[in-house]
Amino acid sequence: MSTKYGKDNTRPRPASNGVELTKAPAIFLKAYSPAESESRILKLWEKSGFANPDVCIEKGVTKPDAETYSIVLPPPNVTGTLHMGHAAMLAIQDILIRYHRMRGFKTLWLPGTDHAAIATQSVVEKTLHKEEKKTRHDLGREEFLKRVEQFAKKSHDTIVSQVRAMGASVDWTREAYTLDEARNLAVRTAFKKMYDAGLIYRGNRIVNWDPRMQTTVSDDEIEHVEQKDTFYYFKYGPFEIGTVRPETKFGDKYVVMHPDDERYKKYKHGQKLELEWINGPITATIIKDEAADMAIGSGVMTITPAHSSIDFEIAQRHGLEIEQIIDTNGKLLSIAGEFAGLHIKKTRSLVVEKLKQKGLIAKVEEDYVHNVAINSRGGEVIEPQIKLQWFVAVNKKFTIPYSEIPDILSGSETTLKKLMRVSVESGATKIVPDRFEKVYYNWIDNLRDWCISRQIWYGHRVPVWYCLGCKHHSVDAEVKSKWFLVRHGETEANIKEITQGHQNSQLTPAGIAQAEAAGEKLKNQDIELIISSDLGRCKETAEIISKATGAEVIYDEALRERFMGAAEGFSYEENRKKYNPFKEYDDKTAANLETIRELEERISKAFEKHRKNHGLKNVVIVSHGTAIRWLLKRIENLTFDEASARPTIQNAGVISMDILKSACEKCGNDLFEQDPDTLDTWFSSGLWTFSTLGWPNKTRDLETYHPTSVLETGYDILFFWIARMILMSGFLLGTVPFRNVYLHGLVRDDKGRKMSKSLGNIIDPLTMIEKYGADAARLSLIVGASPGNDVRLSEDRVRGYKHFANKVWNISRFVLENSNTQGPTSGESEVGPLNAEDKKLVEETLAIAKTVSEHIEKFRLDLAADAIYHFVWHRFADEIIKESKPILKEGGEAAESRRHTLYSILDTSLRLLHPFMPFVTEAIWQELPNRKQYLLMVAKWPYAKAIGTRQ
RNA sequence: GCGCGCUUAGCUCAGUGGUAGAGCAUUGUCUUGACGUGACAAGGGCCGGGGGUUCGAUUCCCUUAGCGCGCACCA
């Protein structure tokens with residue numbers, strides 16, 4: 001970069017007799033500085049409110065009856081910060097949005113973030129372990145969730161500032177979060193509707209279990225990773241069976257072969273064989289099933305139905321016994337004999353050693369390459385388990401109440417799978433590029449029932465309540481109020497195991513701390529009333545909780561502990577010897593002793609009374625250990641023995657229960673406990689296109705903007721998300737969620753590798769924006785990025801487009817220097833008297849407008865950007881301006897005409913460039929002498945004809 | 001195994017039934033009243049191989065190789 005003038009652009013400008021030579025605003029004397037302009041322009045846009053279509057109508061920018069154009073932003077996960085993929089997504093959508101807004105559409109771009117359940121929880125758990133050496137169980141559900149919320153909030157704020165920095169003209173007034181109250185209502189409603197239609201069921205099925213995170217994981221969240229292991233062939237009676245996982249083979253008592261396999265013709269289906277196995281002799285049964293592949297190994301295999309989905313299917317087909325071998329922590333169960341209790345990871349070599357000693361190893365193959373399933377959100381190896389979970393039935397027939405989807409009639413019988421297929425097949429939703437439609441069908445056809453329950457804490461609780469009286473579950477998800485039973489904190493007598501009864505004992509310091517912890521837990525539960533036993537230890541506990549929750553306390557003698565008569569004040573042991581007062585329901589042994597039956601009646605009556613009086617409030621009942629135990633017997637409909645067997649309630653332990661809108665349909669009880677599981681994050685994201693618009697309420701937004709015009713995202717998310725949105729919208733609204741799906745490629749590094757922390761090849765969008773400006777960052781992700789193809793990004797590329805921004809700046813300076821300040825604007829006032837040559841130039845510019853428009857409508861933003869880039873730089877600057885110089889110098893009518901022309905071309909160019917590089921164009925626009933609109937953001941697009949977008 | 005994509009200039013990629021284009025990179029020249037974050041100019045490609053359709057193929061069809069991706073399986 002060595003030139004006579006250096007790179008700092010300090011070439012002396014000619015003085016020219018001290019006359020001010022430029023008519024252009026002084027701001028143009030400096031080179032374009034994105035950092036300086038961008039924050040100023042951003043404020044201008046945000047102050048205007050034009051990202052909100054209602055404001056556009058109000059201010060007359062958009063006609064009230066204009067066509068709508070809507071996009072819901074794929075919500076970034078609150079797991080961290082935005083990467084280049086997000087930047088690409090924002091750039092593409094902002095181009096579509098700005099284009100349509102300028103075209104006069106009622107344009108909505110709705111932003112939000114995704115709680116990303118398992119991913120977010122996983123991140124927080126990892127940090128917790130790293131920094132405090134704690135697990136989520138050490139903190140407890142409430143405290144842990146608080147930490148997750150803090151983390152999510154921080155992530156959210158970072159994401160918002162990044163979205164703003166990109167210049168994305170989203171409507172922040174409508175921002176949504178997948179885990180906020182409005183979305184929770186949508187989730188509960190969706191769940192209920194699907195449950196009522198029989199499409200959600202609870203079942204014992206084989207699921208993907210992550211032993212580390214202690215949760216199920218859906219099929220789509222699994223990643224197969226290649227791994228090298230030793231492959232063993234074992235002698236299994238007369239057969240040879242191969243496996244990489246000897247440690248799972250303890251329970252294998254079925255040996256499977258293909259019915260057509262000539263080698264094993266003499267064995268009959270169901271035939272029994274005695275043979276020697278890992279822990280001694282077993283009886284094996286021959287199973288003939290076509291799942292056995294004759295070509296693999298010996299063609300014979302044994303099965304482990306409880307821990308393999310294929311084996312599970314075989315076992316189900318033949319009605320075989322299914323026995324669990326591995327527990328949910330990854331440890332072997334008693335069936336493993338001497339190996340029981342060991343972790344499977346540690347067992348393999350031991351089992352192999354034992355089989356070797358027994359002479360049961362036929363041969364060993366080293367370096368066998370196979371795929372292992374891991375949880376893509378956490379990284380642990382998946383162990384299939386049979387578990388009771390909630391599922392969405394994708395193949396079950398149901399009657400769809402209402403449908404606008406072509407080929408699916410309202411009231412007709414269909415399946416969710418069919419709904420998903422037809423939505424695309426019929427063309428109601430069009431996928432661009434269309435090759436992904438094939439990929440979509442392929443996925444749909446292989447789809448199995450979708451396991452939606454997770455055992456993690458961060459997410460929407462499964463909206464199912466179990467009746468405390470009879471365990472029957474209920475999905476009538478309207479909670480009237482929450483009630484909590486709390487035992488008092490620790491007392492001196494508790495430590496010494498002394499019977500307290502009606503004694504007025506006080507809390508120990510530890511007991512006070514326990515009560516404070518309970519208060520902390522209850523703090524965010526909107527507690528309205530605390531009802532407490534009037535004995536000192538409860539009173540004290542209640543007051544502490546009152547302080548934390550702000551709720552009023554009332555006292556009730558009827559909530560006191562069992563009256564122990566003469567037994568009070570003596571140790572448990574002495575009392576057991578003397579009276580044995582805890583064993584019998586109607587025990588009256590000690591003088592004046594209250595029987596358990598009497599206690600149960602007294603406290604239940606008090607509880608019923610309070611529930612009747614305060615059933616609509618959120619209430620905490622503070623009482624005593626024995627009292628609560630026998631109250632729970634009544635509530636949970638237990639027998640005396642069951643209640644006796646219940647473990648002691650901890651000091652200051654909190655038991656929560658919900659009161660639903662309607663009582664249990666089976667037993668009439670009205671106290672419930674919510675399912676502790678949470679829903680797969682995709683269950684809530686599936687509702688995104690309409691939950692963000694207010695569903696299940698019938699809002700005007702929903703009516704106006706749904707189905708959305710286009711769903712724009714990376715192709716890697718086609719199955720996870722797009723298919724599920726089509727499913728949810730189809731079932732719940734009877735429409736497709738969007739008319740178009742536009743899939744962009746992934747952003748890779750300049751060598752085509754994925755950007756990752758470990759490779760150290762991450763290009764951070766914010767850094768690029770700071771160095772080269774948001775416009776440059778945007779263009780680098782658009783030009784040369786054809787639909788569905790990956791983009792290779794390098795810093796050089798971004799730098800190149802910064803040069804272009806500066807070019808546009810300097811073109812503007814030249815035109816403004818040479819135009820009269822009353823210059824007209826194209827399309828909105830007469831262009832002035834132009835000669836024939838100049839008219840041609842103006843027409844040429846408008847032809848570019850047409851080209852750019854057409855490319856945008858076909859989602860060829862790469863070509864659109866390239867077209868306008870090329871025109872502005874190589875036609876307008878290099879040729880038209882260059883040729884204009886002598887004409888302008890000449891003066892006269894030709895010069896006058898040309899001045900108008902240049903101004904007109906600049907005006908049109910700025911409009912055409914604006915969706916692609918909004919900041920620099922807006923900054924220039926603000927300096928134009930005769931701009932008709934306040935902001936270029938809402939200026940009229942220079943090409944008006946509809947070109948056949950699918951709206 | 002099933003399916004999809006890519007292969008065009010040194011690099012990254014567009015594109016078209018009439019034997020090719022951009023950006024970046026390279027080289028040279030330039031005080032030229034918008035811009036050196038620039039201008040002008042130059043070099044550079046038998047459009048992966050083979051076959052077919054066609055007057056004519058980089059483009060359409062078949063085949064083959066290499067690379068990449070998705071899904072399924074993995075005893």
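Order of the sequence lines sets the chain letters (A, B, ...), proteins ahead of strands, with each chain counted from 1. Keep in mind it's a predicted model, so treat the numbers as computed, not measured.
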Quick one: label A/Gly800 by what it contacts on the DNA or RNA (base, sugar-phosphate, nothing), any heavy atom closer than 4.0 Å.
-> nothing
Between B/A57 and B/U12, how far apart are the P atoms? Round to whole Å, please.
-> 29 Å
Interatomic distance at C1', B/G56 relative to B/A20, whole Å | 16 Å
P atom, B/G23 versus B/G38: distance in rounded Å?
-> 12 Å
Answer yes or no: does a side-chain N or O of A/Lys249 lie under 4.0 Å from OP1 or OP2 of B/A75?
-> no
Sort out the partner of B/C60 for me: Watson-Crick or G-U wobble, both distances under 3.5 Å, none otherwise.
-> B/G52
Name the nucleic acid region contacted by A/Asp293, choosing base, sugar-phosphate or nothing; use a 4.0 angstrom heavy-atom cut-off, strictly under.
-> base
Name the closest nucleotide to the A/Phe814 side chain, picking from B/A34, B/A14, B/C24.
-> B/A34
Side chains of A/Tyr742 and A/Ile92 in contact at under 4.5 Å (non-hydrogen atoms) = yes
Can you tell me how far C1' of B/C35 sits from OH of A/Tyr801, to the nearest Å?
-> 19 Å
How long is the line joining OH of A/Tyr772 and P of B/C24, in whole Å?
-> 14 Å
Over how many whole Å does the gap from A/Leu743 atom CG to B/G5 atom C1' extend?
-> 14 Å
Specify the separation, in whole Å, of atom CZ of A/Arg799 and atom C1' of B/A25.
-> 12 Å
B/A39 and B/U54: how far apart are their P atoms, nearest whole angstrom?
-> 48 Å
Over 60° means perpendicular and under 30° means parallel, so classify the ring planes of A/His874 and A/His870, tilted if in between.
-> tilted
Across all strands shown, which nucleotide pairs with B/C35 by Watson-Crick or G-U wobble geometry, both distances under 3.5 Å?
-> none
salt_bridge(A/Glu321, A/Lys253) N-O dist < 4.0 Å = yes
Contact letters for nucleotides 68-73 of chain B, in which S counts primed atoms plus P, OP1 and OP2 and B counts the base, heavy atoms under 4.0 Å = --SS-B
Close aromatic pair by centroid cut-off 6.0 Å: A/Tyr801 and A/Tyr772 | no
Sugar-phosphate only, base, or nothing, as touched by A/Phe231 at under 4.0 Å among non-hydrogen atoms | sugar-phosphate
Return no unless some side-chain N or O of A/His803 is found under 4.0 Å from OP1 or OP2 of B/G38.
-> yes
So what does A/Ser786 touch, heavy atoms closer than 4.0 Å: a base, only the sugar-phosphate, or nothing?
-> sugar-phosphate
If we take the P atom in both B/A25 and B/G68, what is their distance in whole Å?
-> 29 Å
NA contact type, A/Leu863, heavy-atom cut-off 4.0 Å: base, sugar-phosphate, or nothing?
-> sugar-phosphate
Rounded interatomic separation in angstrom, taking CZ from A/Arg435 and P from B/G5 | 7 Å
The side chain to side chain contact (heavy atoms under 4.5 Å, CB included) partners of A/Glu844 (sequence neighbours excluded) come to A/Leu841, A/Phe871, A/Arg875
Just checking A/Val300: base, sugar-phosphate only, or nothing, at a heavy-atom cut-off of under 4.0 Å?
-> base
Pairing partner of B/G21 (Watson-Crick or G-U wobble, both distances under 3.5 Å) = B/C13
Which nucleotides of nucleotides 39-45 of chain B have their base under 4.0 Å from a protein heavy atom (B), which only their sugar-phosphate (S), and which neither (-), written as one string 5' to 3'?
-> SS-----
Got a sec, which residues hit side-chain hydrogen bond (donor to acceptor under 3.5 Å, both in side chains) with A/Thr302, two or more places apart in sequence or on another chain?
-> A/Asp252
So which nucleotide does B/G70 pair with, by the Watson-Crick or G-U wobble rule with both distances under 3.5 Å?
-> B/C2
Salt-bridge criterion met for A/Asp449 and A/Arg205 (N-O under 4.0 Å) = yes
In whole angstroms, how far is the P atom of B/A14 from the CD1 atom of A/Ile782?
-> 14 Å
Nucleotide B/U37, atom P - distance to CG of A/Asn806 in whole Å | 8 Å
Select one nucleotide: of B/U37, B/A34, B/C13, the one nearest the side-chain heavy atoms of A/Lys802.
-> B/U37
Any strand: nucleotide that pairs with B/U7 via Watson-Crick or wobble, under 3.5 Å = B/A65
Please work out if A/Ala291 contacts a base, only the sugar-phosphate, or nothing of the nucleic acid, heavy-atom cut-off 4.0 Å.
-> base
Kindly say whether the aromatic ring centers of A/Phe239 and A/Tyr267 come within a distance under 6.0 Å.
-> yes
Indicate whether any N or O donor in one side chain lies under 3.5 Å from an N or O acceptor in the other, for A/Asn789 and A/Ser786.
-> yes
Could you tell me whether the phosphate oxygens of B/C13, OP1 or OP2, come under 4.0 Å of any side-chain nitrogen or oxygen in A/Arg792?
-> yes
P-based separation of B/U58 from B/U19 [nearest Å] = 11 Å
Using the side chain to side chain donor-acceptor pair (under 3.5 Å) rule, collect all pairs that involve residues 290-299 of chain A, keeping only residues at least two apart or in two chains.
-> none
If the C1' atom of B/G17 is compared with that of B/C74, how far apart are they to the nearest Å?
-> 47 Å
Rounded to the nearest Å, what distance is computed from the CG atom of residue A/Leu746 to the C1' atom of nucleotide B/G5?
-> 13 Å
P gap between B/G66 and B/G49, integer Å = 15 Å
Would A/Lys850 and A/Glu854 pass as an ion pair if we require N to O under 4.0 Å?
-> yes
Identify the residue among A/Glu383, A/Glu380, A/Glu247 that makes a salt bridge (charged side-chain N to carboxylate O under 4.0 Å, His left out) with A/Lys345.
-> A/Glu380
Sorted by chain and number, sequence neighbours left out, side chain to side chain contact (heavy atoms under 4.5 Å, CB included) with A/Lys30 holds for A/Glu36
Using a cut-off of 4.0 Å on non-hydrogen atoms, how would the nucleic acid contact of A/Ala785 be classed: base, sugar-phosphate, or nothing?
-> nothing
Strand partner of B/U26, provided both Watson-Crick or wobble distances fall under 3.5 Å = B/A42
